[in-house]
Enquirer: 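Got a structure for you, questions after.
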Amino acid sequence: TFTVGSGNANPISLSSIAGTLGGASSNITINTSGAVTVAGSIGTDIGTLTITNSGGTTFSSTVGATTVTLTNTTGTIAFNGALTATTLNTAAQAYNVALNASTGTITNAVTFSNTGTVTLGTSGGTLAFTGGVVATAPSAVTVNGTVTAAGTGVITLGDSDTGVAIASNATIGGTSTGAITLGAATLVDGATLTVGTGIANAISLSSVTGTASGTASNLTIYTTGAVTIGGAIGTDIGTITITNSGGTTFSSTVDAATV
């Protein structure tokens with residue numbers, strides 16, 4: 001196990017870190033209240049990567065490990081390269097997590113327990129949460145690109161007190177038949193939010209709102225499962241498209257240029 005820092009305010013700058021292929025897995029622990037930058041890749045037979053604490057951590061390249069555990073941080077833990085892990089653990093602390101790469105795969109179901117923000121993906125990219133993903137504890141969730149699950153994994157982003165910002169064209173869904181649930185969604189100007197990929201997902205949405213005074217945003221629903229929309233749809237929404245559904249219920253007002 002390679003431990004960097006002892007919990008004091010040391011700024012830490014690392015290059016790449018690799019284990020030894022074919023042997024027992026190696027582990028990495030980072031523990032500082034200072035800022036951490038990791039410029040190179042982390043991978044090759046890495047077992048557990050733990051951020052015990054930091055004053056913000058930025059991984060600039062790819063990270064591959066069996067388990068990634070994010071215990072605490074002041075500020076943001078940002079993965080700017082693809083994160084590939086079997087398990088991603090977070091804790092009920094007020095830090096932010098940002099998965100900013102255009103690709104990345106987490107095998108086991110992920111629950112974001114951190115109470116700061118969560119940012120998922122980049123425009124045009126795809127993040128695969130194979131076992132599903134739940135983000136209701138964070139203060140806000142931002143989505144770019146495509147977020148997928150497989151099997152029967154659920155996708156739950158936001159709830160009654162966690163809004164979802166759609167910051168570019170986004171698709172929520174994958175090959176999983178698990179339920180898709182979104183909190184109140186706000187779409188950036190010109191963005192299209194597509195929920196479902198044409199398979200039997202039950203879909204539950206709250207309100208869906210565009211951004212006033214700019215280019216209209218669009219909503220597409222595509223599933224053979226039942227769809228419920230509990231909140232209002234409106235404010236600069238261009239087109240609402242129900243490509244398919246197993247029945248769709250709008251429980252509040254709907255305001256769009258084209259339905």
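Quick caveat, the model's predicted, so the values are computed rather than measured. Because only heavy atoms are used, hydrogens play no part in the values below, and waters and symmetry mates are left out as well, while side chains stay in.
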Enquirer: Could you pull out the closest heavy-atom pair between Thr136 and Thr162, with the gap in Å?
Expert: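 Distance-wise, the nearest heavy atoms are O-OG1, 3.0 Å.
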Enquirer: Any side-chain to backbone donor/acceptor pair from Asp236 onto Gly214? Under 3.5 Å, distance only.
Expert: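 Yes: the side chain of Asp236 pairs with the backbone of Gly214.
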Enquirer: Determine the sole option in Thr119, Asn96, Thr117 for which the side chain to side chain donor-acceptor pair (under 3.5 Å) test with Thr76 is passed.
Expert: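 The option that passes is Asn96.
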Enquirer: Should Leu88 and Val154 be counted in the same cluster of Ile, Leu, Val, Met, Phe, Trp and Tyr side chains packed under 4.5 Å apart?
Expert: no
Enquirer: Do Tyr95 and Thr74 make a side-chain contact, defined as non-hydrogen atoms from C-beta onward lying under 4.5 Å apart?
Expert: no
Enquirer: Are Leu193 and Phe250 in one and the same hydrophobic cluster, where Ile, Leu, Val, Met, Phe, Trp and Tyr link if side-chain heavy atoms are under 4.5 Å apart?
Expert: yes
Enquirer: Could you check Thr50, Ile51, Asn89 and say which one makes a side chain to side chain contact (heavy atoms under 4.5 Å, CB included) with Thr71?
Expert: Thr50
Enquirer: Do Thr86 and Asn108 have side-chain N/O donor and acceptor atoms under 3.5 Å apart?
Expert: no
Enquirer: Are there over 12 heavy-atom neighbours, none belonging to Tyr222, within less than 6.0 Å of that residue's OH?
Expert: no
Enquirer: Would you say Ser54's side chain and Gly56's backbone share a donor-acceptor pair under 3.5 angstrom?
Expert: yes
Enquirer: Would a distance-only check, ignoring hydrogens and angles, find a side-chain to backbone donor-acceptor pair under 3.5 Å from Asn201 to Ile203?
Expert: no
Enquirer: Sub-3.5 Å donor-acceptor pair from the side chain of Thr48 to the main-chain atoms of Asn27, do we have one?
Expert: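 No; zero donor-acceptor contacts below 3.5 Å.
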Enquirer: Look only at the side chain of Thr211 and the backbone of Leu187, and say whether a donor-acceptor pair between them is shorter than 3.5 Å.
Expert: yes
Enquirer: So does Ala191 get a backbone contact from the side chain of Asn169, meaning a donor-acceptor N/O pair under 3.5 Å?
Expert: no
Enquirer: Where the side chain of Thr90 meets the backbone of Thr111, is there a donor-acceptor pair that is under 3.5 Å apart?
Expert: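 Flag set: sc Thr90 to bb Thr111 pair under 3.5 Å.
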Enquirer: Pick out which of Val208, Leu182, Thr220 makes a side chain to side chain contact (heavy atoms under 4.5 Å, CB included) with Val195.
Expert: Leu182
Enquirer: Would you find a donor on one side and an acceptor on the other, under 3.5 Å apart, between the side chain of Thr73 and the backbone of Gly75?
Expert: no
Enquirer: Testing the 3.5 Å rule here: is there a donor-acceptor pair between the side chains of Thr52 and Asn31?
Expert: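 Note: Thr52 and Asn31 side chains miss the donor-acceptor criterion.
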